[in-house]
Amino acid sequence: MTDRYETLVPRAREARRLPGTLTLTADTRLTGPDEATEPVRRLLAPLGLPLRPTGDGTEIAVGFDATITDPEGYRLHVGTAGVTLTAAGVDGLRHGVRTLRQLLPDAAWRAASAGTEWTLDCGEVADAPALPWRGGMLDVSRHFLPKREVLRYLDLFAMHGLNRLHLHLSDDQGWRVQSARYPKLTELGAHRPGSQVGRTRDGSHDHVPHGGYYTLDDLAEINAYATGLGVTVVPELDLPGHASALLAAYPEYGIGTHRVLTGWGISAGVVTPLPRTLAFLGEVLDELTEALPVPYVHLGGDECVLRDWAADAEVMGYLAEQGITEPVGGHGYFLRRLGEHLAAGGRRMVVWDEGFVTGGMLPDSIVTAWRGSSVGRRAAAAGYDVVRSPVYPTYLDYDQSDGPDEPLAIGGPLTLDDVAAFDPVPADWAAAEREHVLGVQFQAWSEYIPDARHLDYLVFPRACALADVAWTGAPARRLTERLAAHLPRLDAAGVEYRPLTGPRPWQAGGDGPRRRVPGAEMAKVREHLEQVSTSGDAEQSA
């Protein structure tokens, strides 16, 4: 019989099985203070048990324990007479319930149960996460993800102890946020007439219209749902670059003419750093943060082609008035100004690592370090909190093997073992640098992820490995063995993951242009990502 205490994902700090079993039934009662029982009752609802406060059956006793010092820490004890779950706060209780459900039969992860009896082995768990930021980024711009799928992914994040959902809401290929003040953002910017076919930008498109956006009420709903699961939404409006969709709607905030792009890659769609643009974006951000009253807003800052700024007399004249002589300095100035606007509302600015390189930081800004380890280390050494997100191995839009049956992806391979081996807090970093590692997150860029089924295929089970790394703060141990027990839980939850042995027949790729980045070529890509920095060059990053 499998010891389910040894198959937890993510791995607990301490977990051991004890003699005996416990059966939860319709007579099992849930006791504790209301602020503890309410979230526990909600998370255990799929079990189909009444969980009344009184009764003659076994007891699930929940509460708070001031001796647990980690804000997300918890202790779980399963005995023959009942369950005791205590935590420092509500987040810890949520993690304890997640662990309890993993100890139950796999059917505990179905949306509803027809039965009223659940048997599990006795044991005890003492656990807490090593890192406070454990997340994943979903790109809903290149291919829109309907609200129902965002809510489902929030459930899957909570299932794995992930607590940050980074939503990439705007890019050249689509603007995904309603604005009551500026309706053309969605009327013109939220759809395109087709999408690129294959890997080459040769004008081949499918001519199938694509679009969608979230209303402000949708975002408020997403946020409320996430809050109930202990997940913080981190919205991103990618600025000043990747702005073709925005400029197709409001060209007066850029230079030249633009359209919503149908192809992938880096574009010249960059908004200007002028006062009228900053005022406009401030209003858009105000609408966003009213719907999403969250502590963090990501402002992008990546892959900005600044040639149009350099050639524009008004832009360069304005920057000169600010004491700035080069467009790269204007990039940092732009991000700082928007960051100050967010700070006035009590929110921290998050940027991709280009924002750090160009000086676009406020003292409390957070760096999402994607171009390797060195830029993240430099940001940490400079005193900034860093979310480690290097392309290798956190970009889950890459192929999962070098096999011929993998479907079209942006590159790779990036294997499950690569993710599992990731060390988020490297031992060779100085102690002060390590203290600024806020956490880690995966990225799912959606150029080649047209729907939620394919998203499942690319994200899972690699996200399980990333969740383990993020929770423990170290490379995953015995992951394949634990996944053998965990994948049936994903089956019960309805996740269409990639099996460990390779894609199922309907998941396999067909004919078409493909790219692999094997061996020495992959090493060159990694080296390039370590070296590049923001400039006026369109080829500033891979």
Side-chain angles (χ1 to χ4, degrees), residues 2-10 12-68 70-129 155 158-161 227-231 485 489 492-493:
T2 300
D3 182 350
R4 298 183 79 84
Y5 289 86
E6 294 292 327
T7 66
L8 298 174
V9 177
R13 289 186 182 181
E14 300 177 26
R16 64 176 182 137
R17 182 177 173 181
L18 297 174
T21 62
L22 170 70
T23 300
L24 307 177
T25 71
D27 294 323
T28 297
R29 61 190 186 277
L30 177 64
T31 64
D34 289 346
E35 59 269 30
T37 58
E38 182 179 352
V40 170
R41 187 184 306 279
R42 176 190 172 190
L43 294 171
L44 290 179
L47 301 185
L49 303 180
L51 295 178
R52 301 182 182 93
T54 59
D56 298 328
T58 56
E59 179 184 33
I60 300 176
V62 299
F64 302 108
D65 185 346
T67 67
I68 300 175
D70 191 291
E72 295 185 74
Y74 69 93
R75 295 191 187 104
L76 175 68
H77 182 272
V78 181
T80 55
V83 175
T84 301
L85 171 61
T86 58
V90 173
D91 283 339
L93 291 176
R94 294 186 180 108
H95 296 314
V97 172
R98 163 178 49 85
T99 295
L100 180 62
R101 287 180 71 182
Q102 289 198 21
L103 296 173
L104 291 167
D106 301 328
W109 291 100
R110 295 190 178 277
S113 170
T116 57
E117 287 195 2
W118 298 90
T119 299
L120 68 160
D121 293 323
C122 295
E124 56 189 11
V125 179
D127 199 11
D155 287 330
M159 180 181 183
H160 294 87
T227 300
L229 295 171
V231 180
R489 298 173 187 139

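Residue numbers start at 1 and run along the sequence shown.
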Of the non-hydrogen atoms in [X] and [Y], which two are nearest, and what is the gap between them?
{"X": "Pro46", "Y": "Ala108", "value": "CB-O, 4.3 Å"}
{"X": "Thr80", "Y": "Gly20", "value": "CG2-CA, 4.3 Å"}
{"X": "Gly161", "Y": "Pro10", "value": "N-CD, 4.5 Å"}
{"X": "Ile68", "Y": "Thr86", "value": "CD1-O, 3.7 Å"}
{"X": "Asp106", "Y": "Arg4", "value": "OD1-NH2, 2.8 Å"}
{"X": "Gly48", "Y": "Thr116", "value": "O-CG2, 4.1 Å"}

Whether over 12 other heavy atoms sit under 6.0 Å from Arg52 CZ:
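No, not enclosed.
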Got a sec: does the CD of Glu38 have more than 12 other heavy atoms crowding it under 6.0 Å?
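12 or below, so no.
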May I ask you to test the [X]-[Y] pair for a side-chain heavy-atom distance under 4.5 Å?
{"X": "His77", "Y": "Val83", "value": "no"}
{"X": "Val97", "Y": "Leu85", "value": "yes"}
{"X": "Tyr74", "Y": "Asp91", "value": "no"}
{"X": "Val90", "Y": "Pro39", "value": "yes"}

Between [X] and [Y], a side-chain donor and acceptor under 3.5 Å:
{"X": "Thr119", "Y": "Thr23", "result": "yes"}
{"X": "Arg489", "Y": "Thr7", "result": "yes"}
{"X": "Thr25", "Y": "Glu117", "result": "no"}

Distance in Å, [X] [atom1] paired with [Y] [atom2], rounded so as to fall on 0.5 Å steps:
{"X": "Leu43", "Y": "Arg94", "atom1": "CG", "atom2": "CZ", "value": "7.0 Å"}
{"X": "Arg41", "Y": "Asp34", "atom1": "CZ", "atom2": "CG", "value": "9.0 Å"}
{"X": "Thr84", "Y": "Ile60", "atom1": "OG1", "atom2": "CD1", "value": "10.0 Å"}
{"X": "Leu24", "Y": "Leu120", "atom1": "CG", "atom2": "CG", "value": "6.0 Å"}
{"X": "Arg29", "Y": "Asp56", "atom1": "CZ", "atom2": "CG", "value": "8.0 Å"}

Please evaluate residues Leu22 and Thr58 with respect to the criterion side chain to side chain contact (heavy atoms under 4.5 Å, CB included), reporting the C-alpha separation (whole Å), side-chain torsions for both, the decisive distance (0.1 Å), and the verdict.
CA-CA 8 Å; Leu22 170 70; Thr58 56; 3.6 Å; yes
Side chain to side chain contact (heavy atoms under 4.5 Å, CB included) between Leu49 and Trp118: does it pass, once the steps are laid out?
CA-CA 9 Å; Leu49 303 180; Trp118 298 90; 4.1 Å; yes
The criterion is salt bridge (Lys or Arg N to Asp or Glu O under 4.0 Å); which residues satisfy it with Arg75, sequence neighbours excluded?
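Partners of Arg75 by the salt bridge (Lys or Arg N to Asp or Glu O under 4.0 Å) criterion, ordered by chain and then number, come out as Asp65.
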Hey, is the main chain of Cys122 close enough, under 3.5 Å, to the side chain of Arg17 for a donor-acceptor pair?
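No, because the side chain of Arg17 does not come within donor-acceptor range (under 3.5 Å) of the backbone of Cys122.
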Leu8/Leu103 under side chain to side chain contact (heavy atoms under 4.5 Å, CB included): CA gap, chis, key distance, verdict
CA-CA 8 Å; Leu8 298 174; Leu103 296 173; 4.1 Å; yes
Run the side chain to side chain contact (heavy atoms under 4.5 Å, CB included) test on Tyr5 and Arg16 for me, step by step, so that the C-alpha distance in whole Å, both residues' side-chain angles and the decisive distance to 0.1 Å come before the verdict.
CA-CA 6 Å; Tyr5 289 86; Arg16 64 176 182 137; 5.9 Å; no
Residues Asp127 and Arg98 bridged, charged N to O under 4.0 Å
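Result for this pair is no, no salt bridge flagged.
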